[in-house]
Amino acid sequence: MATRVGIEVSIAIADAVKLANPDVVAAYPITPQTHIVEHLAELVANGELDAEYIPVESEHSAMSACLGSAAAGARTFTATASQGLALMNEVVYVAAPMRLPIIMAVANRALSSPLSIWCDHSDLMSVRDTGWIQIIAENGQQCVDNIICAFRIGEDQRVLLPVMVHLDGFTLTHVIEPITFPEQSDVDKFLPPYKFPMPLNPDKPVAMGDFAPPVIFTETKWAQEMNIRASKKVVVEVWDKYEKAFGRKYSPVEKHHSDGAKVVLMTMGSVGETASVAIDEMRDEGQDVGQIRLRLWRPFPFEELRETLKDTDVLIVLDRAISFGGPGGPVASEVKAAFYDQAKKPRIVSFVGGLGGRDITVAGFKDMVKKGTEIAKSGSKNEYEIYGVRE
Amino acid sequence: MEKYAVYVPRLVKKRENFAPGHRACIGCGEALAVRLAFKALDNNVVVTNATGCIEIIASQLPFTTWHLPWIHTLFENAAAVASGIEAGYKAMKRKGMAVPENAKVVAIGGDGATSDIGLQAISGALERGHDFTYICFDNEAYMNTGIQRSSATPFGAATTTSPAGKKSFGQFSWKKNMPEIAAAHNIPYVATATHGYPFDLMAKVRKAVDTPGPAYVHILSVCPTGWRSATDTVNRQSRLAVQTGVFPLYEVENGQYKMSINLPKLRPVKDYLKIQGRFRHLSDDIIQQIQERVELEYQKLLEKANNVTKRAKSKSKTGTAKASAR
Ligand SMILES: Cc1ncc(C[n+]2csc(CCOP(=O)(O)OP(=O)(O)O)c2C)c(N)n1
Ligand code: SF4
Ligand SMILES: [Mg+2]
């Protein structure tokens, strides 16, 4: 029987990692990720999780140790946030082309400066092009489910890619939520033992991480791109299997009354729950509005998005990061690219908000939808707007 | 010389772990040192290699010079990668999963990867006590990127970022003492070696790898390209570094210092400096400064080694452990 308990989301993530039975955890503490790794250290110290916990001296070394452990064939987990993710950036890039299925939870937090420990997606965007599969969780339950799915997705022999599970710092990491935990025996059935096909082994020597001259570099990148594109099928397949085993369904683009709605609000991360309350209230008031949430950030679900929004007139996208001096919201610009060459496309309005932990309330989302609809009608040429900024 | 021809094949096995056919410059002392180091080991070794000359000359898709499992990821993280490999094997073994029997992890890097950009990762891995060996192949500059100074570049040496000029005599700082830094971590084994003393080098690498826990070996590796010296004198340069006291050979075993070679008298440093283009510009005054510094450092080292000998003697005489008089 699955058990449902009230638990802090960070602790729940550590418990989910424990259910996946990793061999190595290498991590360095940073707010708001700390409770995840502290609890993992505790599980190892108590003998509840049989793994090596490497208390590394930096995030750069955390991800480097993960490379080594995954290359040795060990199931490997780490977690970080913000400056930690920025410090390990160089190493994050190495994992995907080397086909090392490391799993990492990222407790999203703004990047300095000014220093902020609170949530936005500037750290998430800093690793956009690292080649990792990236899943965005919206609540504690989704964190637990997707941590377990991440191991199965990354380790699938057709994929062999690292996977990040993003969750909003504080709004998720530090809140207590009711969460249903799968039984260990069911997780064991769902997640087969990890077998890395080409581990470092003196009996069968391999060379990993050779340098590539121009004559072959392009081909390695092409292979990497084909690899992550093809992984989308497996992500969906694993989510379907997860639904069959545990009853909770995930998909790359999740819909909330968006079918047929003329105005749709698009969110990514924990604000989606507040936004859906706003959407429900507006629908009760008789407005033709809906919502979609992006669950899969990489590989980007182009087809699913086009299909979902085929009848939409106005799409309002909320970003929690800015591409400075560029198009504004990174998610919005991606969505615009997805529709650029489509014959029928919604008018796309880009808002940036919720930076450095700034709240957007239910009333705020209602206002945003109203404003967004007006901007769409007015034909404004503004690239984007920072919601609620005092200029 | 003839004697060597007879004995060497008997002393050293034929098997190479670092094969010929790589892309090192002619006379590369670093490639020679790497070859000797890994010849000293069996094939139960996993290598993690920092970016630098050795990585670049020995790997190019789709080729490799290594007969051992080998991984390169970045410049400053070879020791951290080693921690992960060691921990991975350890956990998997404990959990009854298939892992290679008795596999040894060896991290290697140049002086830049070791004394500069990777120092933090090395310190972390040594301090955490992973069972691995770190070998620094010290050619005293960033050679792979074109002979820029590192903190291991010796005082007075001209490099592309510490050039000699009207207002500069080259490298303005004294060589960072990396073996001492490693020893300060209280790890079980630290040693220095150089390819001019091949059997000493091989014995030390072997000992380091056989030592449970972290071990560190610092190998002076002559780079004729970067040192602007003759390619047929690399072993002579290596031996002169030792005989002048510039690069003393010693071991630190569980904190006990031991000199590897007994030198009744040091040769003048000039003998070593004058055959290298990187020191060509030095005035007698600077050379004198180097001479004094080398003697001072050598003396400090001898005292550490002598103290150990004294302590051991006094201990055996009285049969009780006395605090050594410092
Ligand atoms: C983070 C980072 N900074 C700089 C470089 C450029 N780089 C590559 S190798 C190297 C120097 C290597 O010097 P050393 O470690 O002494 O090895 P050597 O080539 O001398 O054997 C440098 C500066 C890099 N690859 N990565
Ligand atoms: S630059 Fe020096 S260390 Fe590098 S390959 Fe050439 S001789 Fe060897
Ligand atoms: Mg060097």
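Proteins get letters first, then strands, A, B, ... in listed order; numbering begins at 1 in each. Side chains included, hydrogens not; waters and symmetry mates left out as well; all remaining heavy atoms used.
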Heavy-atom proximity to chain B below 4.5 Å, by part of A:V94: side chain
B:H72 side chain vs A:G209 backbone, donor-acceptor pair below 3.5 Å: yes
Test log, rule side chain to side chain donor-acceptor pair (under 3.5 Å), inputs A:D210 and B:S59: CA-CA 5 Å; A:D210 302 41; B:S59 88; 4.6 Å; no
B:L74 portion near chain A, given a 4.5 angstrom heavy-atom threshold: side chain
B:K93, NZ atom: more than 12 neighbouring heavy atoms under 6.0 Å: no
Contact winner vs chain B - A:P213, A:P193, A:C66, heavy-atom pairs under 4.5 Å: A:P213
Side chain to side chain, B:R128 and A:P55, heavy atoms closer than 4.5 Å: yes
Segment of A:A207 engaging chain B (4.5 angstrom heavy-atom cut-off): both
A:K195 atom NZ, neighbour heavy-atom count above 12 within 6.0 Å: no
Criterion side chain to side chain contact (heavy atoms under 4.5 Å, CB included) on B:E76 and A:E90, from CA distance to verdict: CA-CA 11 Å; B:E76 65 278 53; A:E90 184 198 23; 2.8 Å; yes
Side chain to side chain, A:D23 and B:R94, heavy atoms closer than 4.5 Å: no
Options B:A80, B:A58, B:P69, ranked by heavy-atom pairs under 4.5 Å with chain A, top entry: B:P69
Rounded distance (nearest 0.5 Å) linking atom CG of A:D203 with atom CG of B:N44: 9.5 Å
Sub-4.5 Å side-chain heavy-atom contact between A:F211 and B:E55: yes
A:Q157 atom CD, neighbour heavy-atom count above 12 within 6.0 Å: yes
B:S123 side chain near A:E57 side chain, heavy-atom distance below 4.5 Å: no
Segment of A:V215 engaging chain B (4.5 angstrom heavy-atom cut-off): neither
Contact check, side chains of B:P100 and A:N201, non-hydrogen atoms, under 4.5 Å: yes
Verdict with reasoning, A:I54 to B:H130, per side chain to side chain contact (heavy atoms under 4.5 Å, CB included): CA-CA 10 Å; A:I54 316 180; B:H130 295 279; 3.8 Å; yes
Separation of A:E219 CD from B:L61 CG (nearest 0.5 Å): 11.0 Å
Region of A:T76 in contact with chain B, defined by heavy-atom distances below 4.5 Å: neither
Atom group of A:L200 that falls short of 4.5 Å from chain B, counting heavy atoms: both
Heavy-atom contacts under 4.5 Å, residues 83-91 of chain B to chain A: B:S83, B:G84, B:I85, B:A87, B:G88, B:Y89, B:K90, B:A91
Minimum-distance pair of heavy atoms, taken over all atoms of A:S58 and B:Q120: CB-NE2, 3.0 Å
